[in-house]
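To start, the structure under review is shown below, and the notes come after it.
This one's a predicted model, so the numbers in the text were calculated from it and none came from an experiment.
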Amino acid sequence: MSTQQDRTPDSWPEGPRHRSRPIWLALLLLVAGAVLGGGGVWWSMGDHGPSRSSPATAQPATLYQCPMHPTITADHPGDCPICGMKLVEVRQEESPPAAAPASGERRIAFYRSPMNPGQTSPTPRQDEMGMDYVPVYQDELQGSGGPPVGGLAPVTIAPGRQQLIGLRTVPVTEGPVAGTWRTVGRVQIDPTRVRRTNTKVEGYVERLYVDFVGRPVRRGEPLFSLYSPSLLAAEGEYVLALQTREALAQAGAATASGDTLVASARRKLELWDVPAEELARLERTRQPAKTLTVLSPISGVVTAKNVVEGTRLNPGDSPYEITDLDVVWVMADAYETDLAQVRLRMPASLTLPAYPNRTFTGTVDFVDPLLDSRTRTTKVHLHFANPTGELMPEMFGEVVLAGAGRQGLRIPADAVVRSGTIDVVFLSLGEGRFEPREVYLGARNGNLVEVVSGLEAGQEVVTRANFLVDSESQLRASLAAIGGK
């Protein structure tokens, strides 16, 4: 019979020995894992190989974003806490290390939001709408070497955006300048062709032959008949003088006194505007007429009528005003800067809205020596023939005066932006880049303006949407002033 101390492991019962083996194996594996884990950490922290964070093996970061609420982002999949939609994976490139740009390579200064230019970033990113920021290059801030314009900076506009805002460019061309200039004109009556009828004796209007304003009349056409007791008595005196001269001639007496009497009576009637036809009738019939028919002194249009039948007229009254419209004046406005181009007998043309397909020609006849202090303009008198009466007084039209010109650079006047005290145009540099240029302007020919300096022939300038480009340029200049941040 053996004791407790004499037992060996081999003599232990089978059951307890088999149950203790898994416990030892588990402890052994746990110790080995701890050793290996610590060694791995020490190896990764040491300088024994390439690191995972090395720029050579850098991987793009993954970002999850809500498609409806771009401001909701996460670094792992999930649902939007606002709308419940699943977050969509958005890959963002890590910002590259700063390096000197290669020869000819454009250097990016910063990034700007396409919807809100005031939002900028030194690295690529997206705005609240999910749109990528657009790069702003250093050469855009510096320009193409032209003289800088204060408060303005070069801009870059994508082709799609140019089409959206309607941007257009035109080339700088060479052509005649300072030859013609345009202004507005108003048709007026020629004051030298206005006549007023008047009476030199007292009388009464017996009958009207011209009874409304605007009626055309010919020279010698009856206007009205006048009954005047004084005129009737003067005609009787003339008839009596004629009879007296004849009686003296038949009696064989000297006719000198008779001739003097006839001449005196005839002169009195002539001074009262009795026409020669009426005097001849008196000599022939020896019968004074009750009324005298007053005739039109010129051919023209009745522009004023101050009588009706039965009106009493006094000496000096003006029953009618008649205007000859065969020639009219066009009063054109000339500014101070245009006066040096105006010359007498300079040819001019007139176009009117009433006759869009016709051009009337005339000449400069007179330049008003006085300048209007309010409008800073003076009146240029232009004479236009009007045989058909198509040019009616008070019509407005466009006047073009043609003079001797010279060759020079020209651009559309719409391309010029008045920026403070200077004139600016935006020069196209290609690839969607535009640079502000200060220009000095000269004479203007219609829609074209002369460029004295600042541009060269063949260059492209913005002529439409240039005010939008100007606003963008001012914003870029402000951002550049604060470092683009």
side-chain contact (heavy atoms from CB on, under 4.5 Å) for V424 and I422? Distances and angles first, verdict last.
CA-CA 6 Å; V424 176; I422 62 176; 3.8 Å; yes
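- Within the 3.5 Å criterion, the main-chain N or O of S318 finds a donor-acceptor partner in the side chain of N306.
- The nearest pair of heavy atoms linking L292 to P275 is CD1-CD, 4.0 Å.
- Within the 4.5 Å cutoff, no side-chain heavy atoms of K200 are placed close to those of P315.
- Considering OH of Y204 and CZ of R312, their distance stands at 4.5 Å, rounded to 0.5 Å.
- One distance of note links CG of L208 with OG of S225; it measures 8.0 Å at 0.5 Å rounding.
- We find the CD1-CD distance between I157 and E431 to be 14.5 Å, quoted to the nearest 0.5 Å.
- Under a 3.5 Å cut-off, the side chain of T293 and the backbone N or O of P222 do not form any donor-acceptor pair.
- Pairs engaging residues 350-361 under the side chain to side chain donor-acceptor pair (under 3.5 Å) rule: R358-E390 [sequence neighbours left out].
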Can you check salt bridge (charged side-chain N to carboxylate O under 4.0 Å, His left out) on K305 and D211, steps first, answer last?
CA-CA 8 Å; K305 171 180 167 293; D211 53 1; over 6 Å; no
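- By the 4.0 Å N-to-carboxylate-O rule, E321 lies too far from R195 to be salt-bridged with it.
- Within a 6.0 Å sphere centred on CZ of F366, heavy atoms belonging to other residues, nucleotides or ligands number more than 12.
- Using a 4.5 Å heavy-atom threshold, the side chains of Y440 and V451 count as separate.
- Closest non-hydrogen pair, P436 versus S473, comes out as CG-OG, 4.1 Å.
- Residues passing the side-chain hydrogen bond (donor to acceptor under 3.5 Å, both in side chains) test with E174, sequence neighbours excluded: none.
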Given R437 and E435, is the salt bridge (charged side-chain N to carboxylate O under 4.0 Å, His left out) satisfied, shown in steps?
CA-CA 6 Å; R437 282 287 182 89; E435 179 185 73; 3.0 Å; yes
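- For the atom pair CZ of R168 and OG1 of T463, the computed distance is 10.5 Å after rounding to the nearest 0.5 Å.
- Scanning all heavy atoms of the two residues, the minimum distance from N198 to D273 falls at OD1-OD2, 4.3 Å.
- Here the straight-line distance linking atom CG of N466 with atom CD1 of I165 works out to 9.5 Å at 0.5 Å rounding.
- Counting heavy atoms of neighbouring residues, nucleotides and ligands inside a 6.0 Å radius, atom CZ of R215 exceeds 12 of them.
- Using a 4.5 Å heavy-atom cutoff, the side chains of W329 and P191 are in contact.
- Using a 30° and 60° split on the angle between ring planes, F224 and Y320 fall in the parallel class, below 30°.
- Looking at residues two or more places apart in sequence or on another chain, you find no ring-ring contact (aromatic ring centres under 6.0 Å, His included) involving Y209.
- Judged by distance alone, the side chains of S428 and E460 never bring a donor and an acceptor atom under 3.5 Å apart.
- Residue R418 places its CZ atom among more than 12 non-hydrogen atoms of other residues, nucleotides or ligands, all under 6.0 Å distant.
- Side-chain contact between T183 and L401 is present, with at least one heavy-atom pair separated by less than 4.5 Å.
- Across V399 and V184, no two heavy atoms sit closer than the pair CG2-C, 4.4 Å.
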Test L313 against V307 for side-chain contact (heavy atoms from CB on, under 4.5 Å), laying out the working first.
CA-CA 9 Å; L313 296 176; V307 294; 3.7 Å; yes
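- Contact annotation: the side chain of H381 approaches that of M331 to within less than 4.5 Å [non-hydrogen atoms, C-beta and beyond].
- When atom types are taken as modelled, the side chain of T378 and the backbone of L370 share a donor-acceptor pair closer than 3.5 angstrom.
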Check the pair V217 / I322 against side-chain contact (heavy atoms from CB on, under 4.5 Å), numbers first and verdict last.
CA-CA 8 Å; V217 295; I322 302 174; 3.9 Å; yes
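- Salt bridge D333/K379: present, at least one basic N to carboxylate O contact under 4.0 Å.
- Taking the side chain as every heavy atom from C-beta outward, L167 and V469 approach each other to under 4.5 Å.
- The heavy-atom pair separating T199 from N314 by the smallest distance is OG1-O, 3.1 Å.
- No hydrogens or angles considered: nothing links the side chains of E221 and S296 as a donor-acceptor pair under 3.5 Å.
- Using a 4.5 Å heavy-atom threshold, the side chains of P412 and V170 count as touching.
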Given the rule in the side-chain contact (heavy atoms from CB on, under 4.5 Å) test, do V449 and I411 qualify, once you have shown the distances and angles that lead to the verdict?
CA-CA 6 Å; V449 62; I411 59 173; 3.8 Å; yes
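- Side-chain atoms of Q474 never come within 3.5 Å of backbone atoms of S471 as a donor-acceptor pair (strictly under, hydrogens ignored).
- Interatomic distance, T323 OG1 to R196 CZ, rounded to the nearest 0.5 Å: 9.0 Å.
- Here the rule is side chain to side chain contact (heavy atoms under 4.5 Å, CB included) with V187, and of N386, V328, L382 only V328 fits it.
- Between V364 and R343 the shortest heavy-atom distance is CB-O, 3.5 Å.
- Looking at heavy atoms from C-beta onward, L455 lies in side-chain contact with V461 at the 4.5 angstrom threshold.
- Salt-bridge check for R193 with D326: failed, with every basic side-chain N at 4.0 Å or more from each acidic carboxylate O.
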